[in-house]
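These numbers come from the heavy atoms of this one structure, side chains and all, not from hydrogens, waters or symmetry mates. The chains referred to below are lettered A, B, ... by the order of the sequence lines, with proteins before strands, and numbering in each begins at 1. Remember, it's a predicted structure, so these values are computed and weren't measured experimentally.
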Number of protein chains: 2
Amino acid sequence: MRNRSIRIERVFHALGDSTRRAILDRLVDAPASVSKLAEPLGITVTAVMQHLQILEEAKLVHTEKTGRVRTCRIEPAGFDALEEWVRAHRTAWERRLDRLGELLAEEDAG
Amino acid sequence: MRNRSIRIERVFHALGDSTRRAILDRLVDAPASVSKLAEPLGITVTAVMQHLQILEEAKLVHTEKTGRVRTCRIEPAGFDALEEWVRAHRTAWERRLDRLGELLAEEDAG
DNA sequence: ACAATACTGAAGTATTTACTTGACAATTTC
DNA sequence: GAAATTGTCAAGTAAATACTTCAGTATTGT
């Protein structure tokens with residue numbers, strides 16, 4: 001079994017904010033420094049740092065500081081966890097509908 | 001082109017709360033009334049109503065009132081939008097990594 | 001008709017959250 | 001080594017959010 005222990009809680013919390021999603025949108029194109037991320041968002045570097053912390057906890061972003069600049073990149077683990085969650089819920093729901101369908105078919109036949 | 005106009009904004013906002021996710025978990029198993037949803041959550045029916053409104057706006061849940069009871073069911077549209085978003089972001093990111101790989105390979109060769 | 005059930009609406013509260021400011025630390029660059 | 005760049009820390013604020021209570025309104029059962 002793969003390490004699925006990334007708390008989906010954190011992933012959803014992280015993605016629940018539009019600024020953080022904007023950060024992800026940006027990082028999908030290319031890695032960026034904290035100040036480069038802040039610039040188009042019109043918020044302070046401090047604010048971006050706070051968002052980055054949440055994104056890191058959700059394993060949606062990985063950051064690394066070399067010298068005085070912190071480089072931020074997409075990390076796929078959080079996305080994996082999210083996709084997994086959606087898939088699990090959808091299939092559970094579809095299975096139920098199938099069972100329901102069978103029951104109705106039986107009723108019709110009987 | 002399919003109807004993708006469900007605001008992903010709303011989907012993420014809806015899923016950003018653990019009580020709402022618990023409601024979804026419950027509805028995946030079976031449809032339920034508002035009071036049945038409230039019972040195991042230990043919150044008032046009013047609170048559940050407020051959550052349901054948000055889940056409906058995100059098209060994750062559909063509710064329908066017949067008589068005095070409102071029945072709540074999973075609606076797949078919101079899940080579709082979510083899956084779509086994850087996939088789009090992942091592929092964009094992977095495409096970039098591929099381009100980067102090619103560039104590095106060229107550098108090595110040259 | 002009356003009581004019980006199931007939800008709805010308005011209004012209030014306490015906490016969380018996104019953001020700021022301002023002071024500071026660590027690199028680069030000149 | 002002085003000055004600019006880039007990030008970090010602590011503390012504060014205003015708005016959003018998840019709840020609550022209480023007072024209704026339909027609908028159903030006796």
Closest-nucleotide 5' rank along DNA chain C - winner of A:Ala47 and B:Val34: B:Val34
query: B:Arg68 side chain N/O closer than 4.0 Å to the phosphate oxygens (OP1, OP2) of D:dG29?
result: no
field: B:Val69, nearest nucleotide to its side chain (from C:dT8, D:dC19, C:dA6)
entry: C:dA6
- request: Using the closest heavy atom to pick a nucleotide of DNA chain C for each, name whichever of A:Asp17 or B:Arg70 lands nearer the 5' end.
  value: B:Arg70
- prompt: Nearest-Å distance, CD (A:Glu56) to P (D:dG7)?
  reply: 13 Å
message: Rounded to whole Å, please give me the gap between CD1 in B:Ile43 and P in C:dC7.
response: 13 Å
query: Less than 3.5 Å between a donor and an acceptor, one on the side chain of B:Gln50 and one on the base of C:dT8, is that the case here?
result: no
task: Scan A:Arg73, A:Glu56, A:Gln53 and name whichever one has a side chain to side chain donor-acceptor pair (under 3.5 Å) with A:Thr63.
output: A:Glu56
- prompt: Looking only at side-chain N and O atoms, does A:Thr44 come under 4.0 Å of OP1 or OP2 in C:dC19?
  reply: no
- request: Answer yes or no: does a side-chain N or O of A:Ser35 lie under 4.0 Å from OP1 or OP2 of D:dG7?
  value: yes
field: Pairing of B:Arg21 and A:Glu9 as salt bridge, 4.0 angstrom limit
entry: yes
Per B:Met49 side chain, nearest of listed nucleotides C:dC7, D:dT6, C:dA10: C:dC7
query: Side chain of A:Ser33, base of D:dG7: donor and acceptor closer than 3.5 Å?
result: no
- prompt: For A:Leu55 and C:dT17, what is the distance between atoms CG and C1' respectively, to the nearest whole Å?
  reply: 15 Å
- line: Whole-Å distance, B:His13 NE2 to D:dA18 C1', equals 10 Å
query: Is there a side-chain polar atom (N or O) of B:Thr46 under 4.0 Å from OP1 or OP2 of C:dT8?
result: no
- prompt: Would you call B:Asp80 and B:Lys59 a salt bridge, taking side-chain N to carboxylate O under 4.0 Å as the test?
  reply: no
message: Less than 4.0 angstrom between a side-chain N/O of A:His51 and OP1 or OP2 of C:dT17, yes or no?
response: no
- prompt: What's the NZ-P distance between B:Lys65 and C:dA6, to the nearest Å?
  reply: 12 Å
task: For A:Gln53 and C:dC19, give me the distance from atom CD to atom C1', rounded to whole Å.
output: 15 Å
query: Taking CZ from B:Arg21 and C1' from D:dT17, how many angstroms apart are they, rounded to a whole number?
result: 15 Å
field: Whole angstrom value for the distance that separates C1' of C:dC19 from CG of A:Leu52
entry: 14 Å
message: Taking A:Glu57 first and then A:Arg7, would you say they form a salt bridge - that is, a charged N and a carboxylate O separated by under 4.0 Å?
response: no
- request: Answer yes if the side chains of A:Asp25 and B:His89 hold a donor-acceptor pair under 3.5 Å, and no otherwise.
  value: yes
